[in-house]
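In what follows, a structure is listed as structure tokens, so that the remarks can point back to it.
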Amino acid sequence: QVQLVESGGGLVQAGGSLRLSCAASGRTFSSPVMGWFRQAPGKEREFVAAITWSGAFTSYADSVKGRFTASTNNARNTVFLQMNSLKPEDTAVYYCAAKRTWNNVEVLKEYEYWGQGTQVTVST
């Protein structure tokens, strides 16, 4: 089992920045791929970014490339999502998730463990 807890969400003006954190505990070694997803009101949950605990592999949705950066800490128990140049359309609940292998990282159903989410609101 892997437990995931997100934090760092909040209200920010367009053009601003936020850094989300996802604290992982449990058998994290069995799920070395960490993903970030988001869900806006009335929309389906969508892929944002993925990273391995080692940081060797990363993947980003086209909509956030060049603005968002995923990273991990040395202890390999926290994943971060640095979000810069935020836009109102980035408003959503952001979730972190964990899976076993680096394939289909953009597919929601591939992930076995999920956090509870953290709200990000970007105002105009």
Side-chain angles (χ1 to χ4, degrees):
Q1 293 287 331
V2 176
Q3 294 79 41
L4 304 171
V5 179
E6 302 95 334
S7 61
L11 173 64
V12 64
Q13 288 189 329
S17 298
L18 278 177
R19 188 173 84 153
L20 305 183
S21 298
C22 174
S25 60
R27 298 171 61 88
T28 57
F29 60 88
S30 66
S31 299
V33 179
M34 301 297 295
W36 284 98
F37 288 76
R38 66 186 181 186
Q39 187 167 18
K43 294 188 177 181
E44 294 186 351
R45 195 171 298 188
E46 65 176 6
F47 171 74
V48 175
I51 187 170
T52 54
W53 279 115
S54 68
F57 296 95
T58 57
S59 179
Y60 297 93
D62 288 343
S63 59
V64 306
K65 278 181 183 176
R67 300 189 300 123
F68 290 12
T69 304
S71 62
T72 62
N73 66 344
N74 289 335
R76 300 191 180 186
N77 57 10
T78 304
V79 179
F80 305 99
L81 185 67
Q82 178 67 43
M83 306 186 296
N84 299 328
S85 302
L86 282 162
K87 306 174 181 179
E89 51 264 43
D90 293 318
T91 295
V93 177
Y94 283 72
Y95 300 89
C96 68
K99 69 190 298 290
R100 295 175 184 268
T101 59
W102 186 263
N103 63 303
N104 299 324
V105 294
E106 72 283 359
V107 178
L108 184 150
K109 291 182 179 179
E110 291 278 331
Y111 288 79
E112 300 159 299
Y113 303 102
W114 290 84
Q116 83 290 348
T118 185
Q119 176 71 48
V120 171
T121 303
V122 184
S123 64
T124 55

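Follow the hydrophobic side-chain contacts under 4.5 Å out from Phe80 and you never reach Leu18; the two are in separate clusters. Side-chain heavy atoms closer than 4.5 Å link hydrophobic residues (I, L, V, M, F, W, Y) into clusters, and following such links, possibly through other members, connects Val48 to Tyr113. Clustering ILVMFWY residues whenever any of their side-chain heavy atoms sit less than 4.5 angstrom apart, transitively, puts Val2 in the very cluster that holds Tyr94. There is a path of hydrophobic side-chain contacts, each under 4.5 Å, that joins Leu20 to Val64. Following chains of ILVMFWY side-chain contacts shorter than 4.5 Å, one cannot reach Val105 starting from Trp36, and the two form parts of different hydrophobic clusters.
With rounding to the nearest 0.5 angstrom, the CZ atom of Phe47 is 9.0 Å from the OH atom of Tyr60. The line from CG of Asn73 to CH2 of Trp53 is 6.5 Å long, rounded to the nearest 0.5 Å.
Listed by first and then second residue, the side chain to side chain donor-acceptor pair (under 3.5 Å) pairs involving residues 9-23 are Ser17-Asn84 (not counting sequence neighbours).
Here the side chains of Leu4 and Met34 are in contact, with some heavy-atom distance below 4.5 Å. Side chains of Phe37 and Tyr111 form a contact here, defined as non-hydrogen atoms less than 4.5 Å apart. In this structure the side chain of Leu108 reaches within 4.5 angstrom of the side chain of Trp114, judged on heavy atoms. Counting heavy atoms from C-beta outward, Glu46 and Arg38 have side chains that approach closer than 4.5 Å.
Taking both residues in full, the closest heavy atoms of Gly117 and Val93 are given as CA-CG1, 3.8 Å, listed atom of the first, atom of the second, then distance.
Within 6.0 Å of CG in Asn103 there are more than 12 heavy atoms belonging to other residues, nucleotides or ligands. More than 12 heavy-atom neighbours from other residues, nucleotides or ligands sit within 6.0 angstrom of CD on Glu89.
By the side-chain hydrogen bond (donor to acceptor under 3.5 Å, both in side chains) test, Arg67 is found to be paired with Asp90, residues two or more places apart in sequence or in another chain being considered.
Applying the under-4.5 Å side-chain rule to Ile, Leu, Val, Met, Phe, Trp and Tyr, the cluster around Val5 consists of that residue alone.
Not one N or O on the side chain of Glu6 forms a donor-acceptor pair closer than 3.5 Å with the backbone of Thr118.
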